[in-house]
Amino acid sequence: MMNCLQSWPEPVVRVQSLSESGIQAIPERYIKPPSDRPGFEKQEHVDIPVVDLKNLFSHDHTLHEETVKLISSACKEWGFFQAVNHGISHELMKRTREVWREFFNLPLEVKQEHANAPTTYEGYGSRLGVQKGAILDWSDYFFLHYLPVYLRNPNKWPSLPLSCRDLISEYGAEVVKLCGRLLKAMSISLGLKEDYLQNAFGGEDIGACLRVNFYPKCPQPDLTLGLSSHSDPGGMTLLLPDHDIAGLQVRKNGKWITVKPVPNAFIVNVGDQIQVMSNAIYKSVEHRVIVNSVKDRVSLAFFCNPKSDLLIEPAKELVSEDRPALYSPMTFDEYRLYIRTYGPCGKTQVEFSESNR
């Protein structure tokens, strides 16, 4: 199947270039079917939970336990939460987001030096999935591997702006530490040993990658999406959203809720692999991104994933006669091939793994 992933099926068009060309109408290949278009209906006054993590680092057992319960409740009810007091420097978050904004504002020929191919997706890209004639999303991105270390290649990271590579290293190291703390809290909250999820992800050898999304302003935001509806195929995602403009929408009870970013928070969400390992106690949730007619947006999605060749299956402790294993064992490599072939498509992927038991 990998043979079909050698090159893009059509010439790649940079969405930012389309946006900056001054077009008044978007090309047909970005227009979503009516059922997938963002209805800008009146929003309910509801938002994903905000969890203060300061007590996760506390030696006070009661306070620590309370925070773990809040994380558990958010993962069960929503699959999403905003994390504040997470221990990562707000200045580092700001500088990292801004350096990427500068990257996307560089001349096209500079960015093109990093153009990606679907073999690894690493580099500067404008589409997910290799189906010819697919309806595309209104976004460009930069994707890179951070862990395991042997996959990390800073020479593939942008050399301009000059501080970009150093900031990626520093930011990545801090976010990996936070992921480790959250995996412990999630393990405990599922009634597992605290290092269960970390070990199931590969111990010190977990996978981690960064996708920086650039959503150019769009003349017809009601006809398209910055990122189509999907659940994240990996383990857990930490999203650093743009600080002054909402774009992420989460599906809850059949309705789309626009997440209002809390200043200096990370948006944390459960990926499909934690849904599988928790035997669906925690659920990955569909989400998508809307675009804006007046402002560009930048967001950084840091994916904490299992090592790609490990078999992922429900934890034995969470399987019983009353609750049999809902998923067959599958490696993350096998699993993510689906999204790399078909692009983001709701939750069909995790349902596909369930139906193939």
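Reckoned from all heavy atoms, side chains included, excluding hydrogens, waters and symmetry mates.
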Answer whether the closest heavy-atom distance between the side chains of [X] and [Y] falls below 4.5 Å.
{"X": "N155", "Y": "R165", "answer": "yes"}
{"X": "S231", "Y": "V270", "answer": "no"}
{"X": "V276", "Y": "P314", "answer": "yes"}
{"X": "K111", "Y": "Q16", "answer": "yes"}
{"X": "N305", "Y": "F332", "answer": "yes"}
{"X": "F214", "Y": "F103", "answer": "no"}
{"X": "F266", "Y": "L178", "answer": "yes"}
{"X": "L227", "Y": "Y215", "answer": "yes"}

Look up atom [atom1] in [X] and atom [atom2] in [Y], then write down how far apart they are to the nearest 0.5 Å.
{"X": "L225", "Y": "I31", "atom1": "CG", "atom2": "CD1", "value": "12.5 Å"}
{"X": "K283", "Y": "F80", "atom1": "NZ", "atom2": "CZ", "value": "15.0 Å"}
{"X": "F142", "Y": "D140", "atom1": "CZ", "atom2": "CG", "value": "12.0 Å"}
{"X": "I290", "Y": "C218", "atom1": "CD1", "atom2": "SG", "value": "11.5 Å"}
{"X": "F81", "Y": "S72", "atom1": "CZ", "atom2": "OG", "value": "10.5 Å"}
{"X": "C304", "Y": "I206", "atom1": "SG", "atom2": "CD1", "value": "4.0 Å"}

Legend entry - Nearest non-hydrogen partners of S7 and V130, listed with the distance: O-CG1, 4.5 Å
Inset, instruction - I would like to know whether D242 and S299 meet side chain to side chain donor-acceptor pair (under 3.5 Å); could you show each step before the answer? - result: CA-CA 5 Å; D242 215 322; S299 70; over 6 Å; no
Answer yes if [X] and [Y] sit in the same cluster of Ile, Leu, Val, Met, Phe, Trp and Tyr residues linked by side chain heavy atoms under 4.5 Å apart, and no otherwise.
{"X": "L239", "Y": "V50", "answer": "no"}
{"X": "F303", "Y": "M330", "answer": "no"}
{"X": "V13", "Y": "V15", "answer": "yes"}
{"X": "V84", "Y": "V250", "answer": "no"}
{"X": "L192", "Y": "V319", "answer": "no"}

Inset, instruction - Answer yes or no: does atom NE2 of H90 have more than 12 heavy-atom neighbours from other residues, nucleotides or ligands under 6.0 Å? - result: yes
Legend entry - Partner of K32 by side chain to side chain donor-acceptor pair (under 3.5 Å), out of T224, D137, D222: D137
Inset, instruction - Would you mind telling me which of Q249, E286, R251 makes a side chain to side chain donor-acceptor pair (under 3.5 Å) with S229? - result: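 Result: among Q249, E286, R251, E286 is the only option passing the side chain to side chain donor-acceptor pair (under 3.5 Å) with S229.
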Legend entry - Main-chain N/O of K260 paired with Q82 side-chain donor or acceptor, under 3.5 Å: yes
Legend entry - N279 backbone acceptor or donor facing R323 side chain under 3.5 Å: yes
Inset, instruction - Show the numbers, then the answer: is there a salt bridge (Lys or Arg N to Asp or Glu O under 4.0 Å) between R101 and E98? - result: CA-CA 5 Å; R101 192 181 290 284; E98 288 313 309; 3.7 Å; yes
Inset, instruction - Dump the intermediate steps for side chain to side chain donor-acceptor pair (under 3.5 Å) on E194 and S187, then the final yes or no. - result: CA-CA 5 Å; E194 70 165 28; S187 297; over 6 Å; no
Any chance the side chains of [X] and [Y] put a donor and an acceptor closer than 3.5 Å?
{"X": "H230", "Y": "D232", "result": "yes"}
{"X": "N55", "Y": "H64", "result": "no"}
{"X": "Y146", "Y": "S169", "result": "no"}
{"X": "Y30", "Y": "Q220", "result": "no"}

Legend entry - Between W157 and Y171, ring centroids under 6.0 Å: no
Inset, instruction - Check the pair L160 / L106 against side-chain contact (heavy atoms from CB on, under 4.5 Å), numbers first and verdict last. - result: CA-CA 8 Å; L160 291 173; L106 289 170; 4.0 Å; yes
Inset, instruction - In plain terms, say whether K295 and D244 are close enough for a salt bridge, that is, a side-chain N and a carboxylate O under 4.0 Å apart. - result: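 Looking at K295 and D244, the cut-off is met.
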Legend entry - Salt-bridge contact K69-E66 (side-chain N to carboxylate O under 4.0 Å):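 Salt bridge flag = no for E66 with K69.
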Legend entry - Step-by-step ring pair (Phe, Tyr, Trp, His ring centres under 6.0 Å) determination, F143 to H145: CA-CA 7 Å; F143 177 81; H145 291 290; 5.4 Å; yes
Inset, instruction - Go through E317 and K193 one step at a time and tell me if the salt bridge (Lys or Arg N to Asp or Glu O under 4.0 Å) criterion holds. - result: CA-CA 10 Å; E317 297 87 332; K193 289 183 178 159; over 6 Å; no
